[in-house]
Amino acid sequence: MDGDPGRGPGSRIAVLGSTGSIGKSTLDVIIASAGRFSCHLLAAHRSVGPLLEQAAAVRPRWVVVVDPEAASGIGPGALPSGTRLAVGPDALDELVRADEVDRVVSAIVGAAGLRSTWAAVEAGKTVALANKETLVMAGPLVMRLAKRTGARILPVDSEHSAIHQALCSGTAAEVRRIVLTASGGPFRTRSAETLPAVTPAEALKHPTWSMGPKITIDSATMMNKALELIEARWLFGVPAATLEVLVHPQSIVHSMVEFVDGSVLAQMSPPDMRLPIQYALSYPRRIAGPARRFDFTQPWALEFEPPDPQRFPAVRLGHEAAARGGTAGAVLNAANEEAVRGFLAGRMQFTDIAAVCGRLLEEHPFQEDPDLDEVRRLDAWARQEVAAWAST
Ligand code: NAD
Ligand code: MG
């Protein structure tokens with residue numbers, strides 16, 4: 001059952017990854033909704049301090065700390081009255097499935113987000129999906145499960161939210177191309193020779209979006225767009241050849257759909273994740289919210305350019321993995337996650353990230369139609385291979 005977001009009592013939201021960038025923006029949307037949305041559950045990994053502050057502000061029924069060691073420091077009286085504490089990933093999976101949950105915001109970062117998203121889809125929930133890694137790793141399995149349980153997956157990723165909105169203008173057979181826009185990240189105009197030496201501090205400075213560290217590095221390598229191509233392939237059930245990438249430095253046009261008659265529909269808004277988050281919470285309605293708005297009294301311009309495959313080889317890997325399907329997405333995702341970790345820890349160069357991902361994508365024991373265990377096995381294999389590469 002999904003609470004009707006247009007009328008009270010509002011829908012009850014479970015926010016997974018509430019202390020992160022998307023999680024905090026979700027709480028902004030919930031607080032600004034004046035009761036249309038309420039917080040049923042907040043979950044985070046180990047950032048207990050911020051989690052307790054959020055609990056005091058929105059008074060959820062449940063707070064879940066996934067890391068037991070981090071939870072051990074929470075004393076009696078730390079939570080507001082009426083809020084209970086649960087600990088560990090199993091507790092989270094169980095609470096996500098509860099009848100009291102109307103919508104689940106899946107905003108844990110990385111492969112760690114798969115299991116709780118899977119639990120929500122298995123329980124037939126409406127899922128506002130920020131954790132793109134779930135679809136990158138196991139897109140066909142997750143979409144098949146959603147079909148079976150009646151779960152609805154609504155995108156939070158701004159590109160996919162834009163595409164979701166534009167697709168309302170025609171039928172699936174009328175779609176000719178889907179164009180995902182990309183900011184190009186902080187190194188859009190950097191020369192190829194300087195890229196191996198970029199530092200984590202430089203790569204963490206995104207020109208248009210403020211996001212968690214992992215996706216910020218993914219934006220700098222443009223691996224984020226690779227992951228988004230795969231995400232779009234499964235979410236919208238389109239052939240990989242339908243999908244293109246276009247660099248658009250202003251991050252105003254969030255993506256576009258071209259229909260067979262040549263008409264191109266774009267969704268535009270200032271870069272502010274509160275809008276796609278709210279769209280996924282209020283869909284099929286639209287409601288007023290806290291997201292930034294355009295100021296049309298100022299002059300403005302929009303630019304577009306094709307991505308440079310030499311400096312940003314990750315984009316090609318995304319096209320390749322989206323076309324191959326099977327285990328390709330899981331291997332690319334795990335290799336990238338581990339390589340980003342290696343880069344942030346100073347063990348790998350910036351350009352090693354795409355290089356190691358490309359190599360593992362090529363070398364891995366590809367399977368056409370893996371089950372979840374095989375996905376997990378290849379995820380672990382790719383991580384080991386990256387660790388071995390980093391230590392040579
Ligand atoms: P973040 O690093 O800011 O936050 C991550 C959250 O996940 C934190 O609350 C953390 O406690 C939690 N977490 C981490 N590991 C966990 C684990 N093992 N178990 C439970 N919780 C865990 O990340 P973010 O930038 O908010 O991104 C979250 C997801 O949303 C990612 O998949 C990202 O690709 C996607 N996304 C983010 C943005 C953005 O603007 N930040 C935009 C589009 C998509
Ligand atoms: Mg995006």
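Whatever order the structure lists ligands and atoms in, that order sets their numbers, starting from 1. Being a predicted model, the structure only gives us computed values, none of them experimental. We're numbering straight along the sequence, starting at 1.
In this structure, Leu180 and Ile163 have side chains that are in contact, with non-hydrogen atoms separated by less than 4.5 Å. Contact annotation: the side chain of Gln384 never approaches that of Glu338 to less than 4.5 Å [non-hydrogen atoms, C-beta and beyond].
Looking at His164 and Tyr283, their side chains never bring a donor and an acceptor atom within 3.5 Å of each other. In this structure, a donor-acceptor pair under 3.5 Å is absent between the side chains of Ser161 and His254.
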Could you walk me through whether Arg359 and Glu362 pass salt bridge (Lys or Arg N to Asp or Glu O under 4.0 Å), step by step? CA-CA 5 Å; Arg359 202 180 90 187; Glu362 214 167 281; over 6 Å; no
Derivation and outcome, salt bridge (Lys or Arg N to Asp or Glu O under 4.0 Å), residues Arg177 and Glu244: CA-CA 7 Å; Arg177 271 194 296 185; Glu244 289 181 20; 3.3 Å; yes
Test salt bridge (Lys or Arg N to Asp or Glu O under 4.0 Å) applied to Asp90 and Arg115, step by step: CA-CA 9 Å; Asp90 293 336; Arg115 60 176 291 180; 2.7 Å; yes
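For ligand 1, the atoms closer than 4.0 angstrom to any heavy atom of Ser18 are 9 (O). The ligand atoms of ligand 1 that sit less than 4.0 angstrom from a heavy atom of Val66 are 19 (N), 20 (C). Listed by number with element, the atoms of ligand 1 under 4.0 Å from a non-hydrogen atom of Ala112 are 17 (C), 18 (N). Close contacts of ligand 1 with Asn131, meaning ligand atoms under 4.0 Å from a residue heavy atom, involve 32 (O). Proximity to Asp157 (heavy-atom distance under 4.0 Å) selects the following atoms of ligand 1: 43 (C), 44 (C). Heavy-atom contacts of Ala44 reach the following atoms of ligand 1: 11 (O), 21 (N) (cutoff under 4.0 Å).
When heavy-atom distances to ligand 1 are checked against a 4.0 Å cut-off, Ile22 comes that close through both its backbone and its side chain. Residue Ala43 does not touch ligand 1, judged by heavy-atom distances below 4.0 Å.
Taking only nitrogen or oxygen atoms, main chain and side chain alike, Pro213 does not reach within less than 3.5 Å of ligand 1. When only interatomic distances are considered, the shortest N/O to N/O separation between Ile215 and ligand 1 does not fall below 3.5 Å.
Among Leu361, Leu378, Asp379, the one residue that satisfies the side chain to side chain contact (heavy atoms under 4.5 Å, CB included) test with Thr327 is Leu378. Of the listed residues (Leu281, Ile30, Asn131, Leu16), just one forms a side chain to side chain contact (heavy atoms under 4.5 Å, CB included) with Val105, and that residue is Leu281.
Evaluated by nearest non-hydrogen atom to atom 31 (C) of ligand 1, the leading choice among Lys132, His45, Glu133, Glu159 is Glu133. Remark: among candidates Ala107, Ala130, Gly23, Ser25, the nearest residue to atom 6 (C) of ligand 1 is Ala107, based on non-hydrogen atoms. Taking each of Thr134, Thr19, Leu16 in turn, the one with a heavy atom nearest to atom 10 (C) of ligand 1 proves to be Thr19. Residue Ile108 holds the heavy atom nearest to atom 29 (C) of ligand 1 of all those in Ile108, Val15, Leu129.
Ranking the protein heavy atoms by distance from atom 23 (O) of ligand 1 puts Val109 CB, 3.9 Å first. Of the protein's non-hydrogen atoms, the one nearest atom 25 (O) of ligand 1 is Gly212 N, 2.9 Å. Looking only at heavy atoms of the protein, atom 12 (C) of ligand 1 is closest to Gly17 CA, 4.0 Å. Of the protein's heavy atoms, Gly20 CA, 3.1 Å lies nearest to atom 4 (O) of ligand 1. The protein heavy atom nearest to atom 3 (O) of ligand 1 is Ser21 N, 2.9 Å.
Using a 4.0 Å cut-off between charged side-chain N and carboxylate O, Asp272 and Arg292 make no salt bridge. Ion pairing between Lys214 and Glu133 holds under the 4.0 Å rule for side-chain N and carboxylate O.
Taken together through direct or relayed side-chain contacts under 4.5 Å among Ile, Leu, Val, Met, Phe, Trp and Tyr, Leu275 and Trp300 form parts of separate hydrophobic clusters.
Judged purely by atom type and a 3.5 angstrom limit, Gln54 uses its side chain to pair as donor or acceptor with the backbone of Ser18.
With respect to the Mg ion (ligand 2), Glu159 has OE1 as its nearest N, O or S atom. Looking at Glu228 and the Mg ion (ligand 2) together, the shortest N, O or S contact belongs to OE2. The Mg ion (ligand 2) lies closest to atom OD1 when only the N/O/S atoms of Asp157 are considered.
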